[in-house]
Amino acid sequence: MALIDDTKTLLGELISFATVSSDGNLELIAWAADRLGELGAETRVMVDETGSKANLFATIGPNEDGGIVLSGHSDVVPVADQDWSSDPFRMREADGLLYGRGACDMKGFIAAVLATAPLFATSKLTRPVHICLTYDEEVGCLGARKLVSELPGMGVRPALAVIGEPTEMRIIEGHKGCCEYTTTFRGLEGHGSVPDAGVNAVEYALRYGMRLMELKEQLKGRAPAASRFDPPWTTLQLGRLVGGVAHNVIPGLASLDWEMRPVTEADRAYVCEAIDAYVHDELLPAMRAVHPQASIRREVVGEVAGLEPVEENEARRIVAELTGANGADVVSFGTEAGLFQQLGMSVVVCGPGSIAQAHKPDEFVSLDQLGACLAMLERLAGRLNAS
């Protein structure tokens, strides 16, 4: 069977696993582990503390340092309230496009890697190839964070990684971080006719949000002079505010979801220190003057490191040789790449499909894009073959 046909079949199977982050991915991971195990790969399945999700780390080739990681996340975003033309978990082909949830983000890359795994398995590899599937990328890169924390203890030291997020096969050497928070406000309920007798949690959430908007504007002035990002500064936005039960009840509980995409670690620290100081110096004293048990708690949902462009990058050089690319770009959306970079690996993001299709109804990846990805992986197998 031609590689593209095998990839289509595998993508159809991958899409059929409805691996929405809230529902787990164990069936997909077991299926992929079995497939790679049959090829002789050493497979490690690492189940999370809930027992419903797992990472897969499979190794083909020599048991030594300096390997190449091909990584993709197995989870997908929900399809609820989206207007799909067909079953999102049953792949549909039309006019050279393959439709389905996760088709480009990012099961297309995973299918291409699994399709070329037999090439790696039958080659006399000069360095190991590690195939990595993670969970919960869409909700904070939780699986990758756990994986990279465990790799050193496993005695595995890869040298470089290719993260196959949809980039239309462009090489991405840098992206912003992604930090997500939920801040919870606990005040004191009361009758709306005597507002000063209570502590209005929604009011304090709004004041907190307005301070974040002030910081948002300040971040524009902190953009590095050589920043290649669009926009060049760290961004900050409010996602959801929840609180209150009725018009005439002082709300005692509220929560605010917010995020920022830092260009630098210094920006992340600047925002967190500033907002925490505002809470400590102004908001909490005012709340506790009425109700000593009032509280404000900022919960870290996820703090994912950005991918920093570096002058020397073996992953960039190798992928450029494999694809014929003449340069590398940066993007504003986040990936798991920075986590691998923090282990000392050289990392790029490069995969089939367009981020413009991700998370939307009728998500698709084109056969042309899958073909380009397969060509890259075939050339990699040839490059690593010592026979």
Taking the side chain as everything from C-beta on, heavy atoms only, tell me whether [X] gets closer than 4.5 Å to [Y].
X	Y	answer
Val129	Leu384	yes
Leu380	Ile68	yes
Ile163	Val348	no
Ile318	Leu160	yes
Ser71	Glu336	yes
Thr184	Ile296	no
Lys107	Thr19	yes
Ile275	Leu212	yes

Taking atom types as modelled, find out whether [X] and [Y] have a side-chain donor-acceptor pair closer than 3.5 angstrom.
X	Y	result
Thr134	Asn55	no
His359	Glu138	yes
Trp31	Glu13	yes
Trp233	Ser227	no
Ser86	Arg92	yes

Before we go on, tell me: are the rings of [X] and [Y] under 6.0 Å apart, centre to centre?
X	Y	answer
Phe185	Tyr208	yes
His73	Tyr135	no
Phe364	Tyr99	yes

Atom of Pro262, atom of Asp267 and distance for their closest heavy-atom approach: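 Smallest heavy-atom distance, with atoms named: CB-CB, 4.5 Å.
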Would you compute the distance between atom CG of Leu56 and atom CG of Leu36 and round it to the nearest 0.5 angstrom?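 One gets 6.0 Å once the value is rounded to the nearest 0.5 Å.
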Find the distance between SG (Cys179) and CD (Glu303) and round it off to the nearest 0.5 Å.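 If I round to the nearest 0.5 Å, the distance is 5.0 Å.
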What verdict does the salt bridge (charged side-chain N to carboxylate O under 4.0 Å, His left out) test give for Glu64 and Arg127, after you've listed the backbone C-alpha separation in whole Å, the side-chain angles of each residue and the deciding distance to 0.1 Å? CA-CA 7 Å; Glu64 60 185 45; Arg127 61 200 296 186; over 6 Å; no
Does the ring pair (Phe, Tyr, Trp, His ring centres under 6.0 Å) test come out yes or no for His130 and Phe57, once each step is laid out? CA-CA 7 Å; His130 307 289; Phe57 192 83; 5.0 Å; yes
Test side chain to side chain donor-acceptor pair (under 3.5 Å) on Asp48 and Thr50 and set out the steps. CA-CA 5 Å; Asp48 78 341; Thr50 72; 2.8 Å; yes
Taking atom CE of Met210 as the centre, report whether more than 12 heavy atoms of other residues, nucleotides or ligands fall under 6.0 Å from it.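 No - once you tally the heavy atoms of other residues, nucleotides and ligands closer than 6.0 Å, there are 12 at most.
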Can you spot which of Lys146, Lys53, Arg145 makes a side chain to side chain donor-acceptor pair (under 3.5 Å) with Asp136?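 The residue from Lys146, Lys53, Arg145 that satisfies side chain to side chain donor-acceptor pair (under 3.5 Å) with Asp136 turns out to be Lys53.
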Derivation and outcome, salt bridge (charged side-chain N to carboxylate O under 4.0 Å, His left out), residues Glu214 and Lys216: CA-CA 5 Å; Glu214 292 174 357; Lys216 172 184 175 180; over 6 Å; no
Using atom types as modelled and distance alone, determine if a side-chain donor or acceptor of Asn248 lies under 3.5 Å from a backbone N or O of Gly192.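 Not at all, since once roles are kept as given, no pair shorter than 3.5 Å links the two residues.
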List, one per line, each side-chain donor-acceptor pair under 3.5 Å for residues 152-159, sequence neighbours excluded.
none

Residues Glu259, Arg261; criterion salt bridge (charged side-chain N to carboxylate O under 4.0 Å, His left out); working and verdict: CA-CA 7 Å; Glu259 67 143 34; Arg261 307 285 176 127; 3.0 Å; yes
State whether Phe89 and Arg101 meet the cation-pi test: NZ (Lys) or CZ (Arg) under 6.0 Å from the six-membered ring centroid, and within 45° of the perpendicular axis.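 Output no; distance or angle outside limits.
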